[in-house]
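Everything on this sheet refers to the single structure shown next.
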Number of protein chains: 2
Amino acid sequence: MESKSCKEIFKKNDIKATKQRELVFQLLTDSDVPLTAEEIYVKLMEKEKNMSLSTIYRILDVFVSKGLVQKSNITNNKAVYEVLGMGHKHHIICISCGKIIALDHCPIQEYEKALERETEFNITSHKLVFFGYCSECRKKSE
Amino acid sequence: MESKSCKEIFKKNDIKATKQRELVFQLLTDSDVPLTAEEIYVKLMEKEKNMSLSTIYRILDVFVSKGLVQKSNITNNKAVYEVLGMGHKHHIICISCGKIIALDHCPIQEYEKALERETEFNITSHKLVFFGYCSECRKKSE
DNA sequence: GTTGCAAACGCAAATTATTCGCATTTGCAA
DNA sequence: TTGCAAATGCGAATAATTTGCGTTTGCAAC
């Protein structure tokens with residue numbers, strides 16, 4: 001059932017269905033946090049579903065270009081990926097433990113309109129990330 | 001006069017004054033757009049003020065750690081740096097020509113408070129970037 | 001069901017931004 | 001002027017991501 005809808009999504013988006021792509025998409029769909037390419041690589045290894053890291057990068061690029069997946073460069077090193085239901089996501093990240101939480105609500109849609117008028121840009125997207133300390137890390141440090 | 005205030009700023013922030021640091025700081029102060037480490041490197045070369053790229057990175061790290069300069073990882077590759085007058089900056093970047101404009105106004109301060117209550121995070125900072133097409137690139141493509 | 005071929009994969013090497021180690025130089029305080 | 005910790009320059013190391021290329025695979029036509 002799951003894999004069937006996965007194939008349908010691929011077909012609808014002109015993505016050739018391969019074993020690897022299904023595995024990556026499934027993993028992202030099942031995950032409740034954004035994942036890095038390497039995390040996907042490791043999780044698949046654990047499931048005995050080895051595949052090349054470069055393949056994972058290529059697959060993620062395809063998903064991103066089709067709008068199925070959002071890529072976010074939150075920190076200065078690794079990018080994280082997550083499936084997009086509807087609408088884009090923002091994030092809040094704990095600078096102590098590195099935990100990343102996705103936020104569905106977007107508080108700046110009206111501001112974006114004003115900014116378009118002000119800057120004469122045609123704005124197509126935006127990214128918003130909050131940094132701080134999560135409740136667990138705050139408790140630990142007390 | 002300029003260089004004097006530069007030395008004063010260094011002294012006030014416990015930063016040892018060196019020729020290289022003054023050059024980098026001056027360049028950032030004079031620039032009306034955020035610069036990458038490599039852009040700084042090239043601009044100084046053009047002024048016959050050669051210095052090592054790794055030194056530039058180290059100097060920028062010092063400035064950032066003292067709060068004099070903001071480092072922003074807007075795209076997935078190069079970080080950009082800019083001096084901070086007061087308050088942080090957001091950005092709008094043209095996905096056609098790559099031009100980056102800094103925005104002084106911050107539209108999400110109230111939202112951040114609400115988010116702190118909602119997520120139990122202690123939020124210390126955030127990043128906001130808009131992507132789109134600037135007026136010049138839109139004119140060109142017409 | 002075969003066949004053919006473009007597209008996808010795996011692997012290793014390349015690329016790119018950034019950092020690090022270490023020998024040399026420099027700013028500043030005594 | 002001297003001494004020494006801190007800063008610099010250089011090249012090598014790192015780490016994430018991309019790319020080249022030979023092999024494999026999905027799928028459409030037969």
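Every chain is numbered from 1 and lettered A, B, ... according to where its sequence line falls, protein lines coming before strand lines. Computed from a prediction, not measured in an experiment: that's the story for all the values here.
Summarising the geometry, the separation between CD on B:Glu39 and P on C:dA17 is reported as 11 Å, rounded to the nearest angstrom. When rounded to the nearest whole Å, the span between CG of B:Leu60 and P of D:dT8 equals 11 Å. Per the geometry, CG belonging to A:Asp14 stands 18 Å off P belonging to C:dA6, to the nearest Å. Distance B:Arg21 CZ to C:dT26 C1': 11 Å, rounded to the nearest Å. Straight-line distance from the CD1 atom of A:Ile40 to the C1' atom of D:dT17: 14 Å, rounded to whole Å. Here the P atom of nucleotide D:dA13 and the CG atom of A:Asn77 are 21 Å apart, to the nearest Å. What separates NZ of A:Lys78 from C1' of D:dA16 is a distance of 8 Å, to the nearest Å. Rounded to whole Å, the distance from CD1 on B:Ile56 to P on C:dT19 is 13 Å.
Through direct or indirect side-chain contacts shorter than 4.5 Å among Ile, Leu, Val, Met, Phe, Trp and Tyr, A:Ile100 is connected to A:Ile74, A:Val80, A:Ile93, A:Ile95, A:Val129, A:Phe131, A:Tyr133.
The side-chain hydrogen bond (donor to acceptor under 3.5 Å, both in side chains) test applied to B:Ser52 returns B:Ser54, not counting sequence neighbours. Every salt bridge (charged side-chain N to carboxylate O under 4.0 Å, His left out) that A:Lys99 has, sequence neighbours left out, goes to A:Glu136. Not counting sequence neighbours, the partners of A:Asn77 by the side-chain hydrogen bond (donor to acceptor under 3.5 Å, both in side chains) test are A:Thr75.
Classification of the B:His105-A:Tyr111 ring pair by plane angle, with boundaries at 30° and 60°, yields tilted. Ring geometry, B:Phe25 versus B:Phe10: the interplanar angle exceeds 60°, so the pair is classed perpendicular (tilted spans 30 to 60°).
Within the 3.5 Å criterion, the main-chain N or O of A:Val62 finds a donor-acceptor partner in the side chain of A:Ser65.
Checking the phosphate oxygens (OP1, OP2) of C:dT26, no side-chain nitrogen or oxygen of B:Gln20 falls inside 4.0 Å.
Rounding to the nearest 0.5 angstrom, the gap separating the CD atom in B:Gln26 from the OG atom in B:Ser5 is 7.0 Å.
Backbone-only engagement by B:Ala79 is indicated by non-hydrogen atom pairs under 4.0 Å involving sugar-phosphate atoms exclusively.
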Produce the list of close N/O pairs, under 3.5 Å, pairing protein atoms with atoms of nucleotides 18-25 of chain D; give distances to one decimal.
residue, atom, partner, partner atom, Å
D:dG20, O6, A:Arg58, NH1, 3.4
D:dG20, O6, A:Arg58, NH2, 3.2

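An angle of 30°, rounded to 10°, separates the two end axes of the helix from C:dG1-D:dC30 to C:dA30-D:dT1, each defined over five pairs.
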Go through A:Cys106 and A:Glu112 one step at a time and tell me if the side chain to side chain contact (heavy atoms under 4.5 Å, CB included) criterion holds. CA-CA 11 Å; A:Cys106 174; A:Glu112 185 170 292; over 6 Å; no
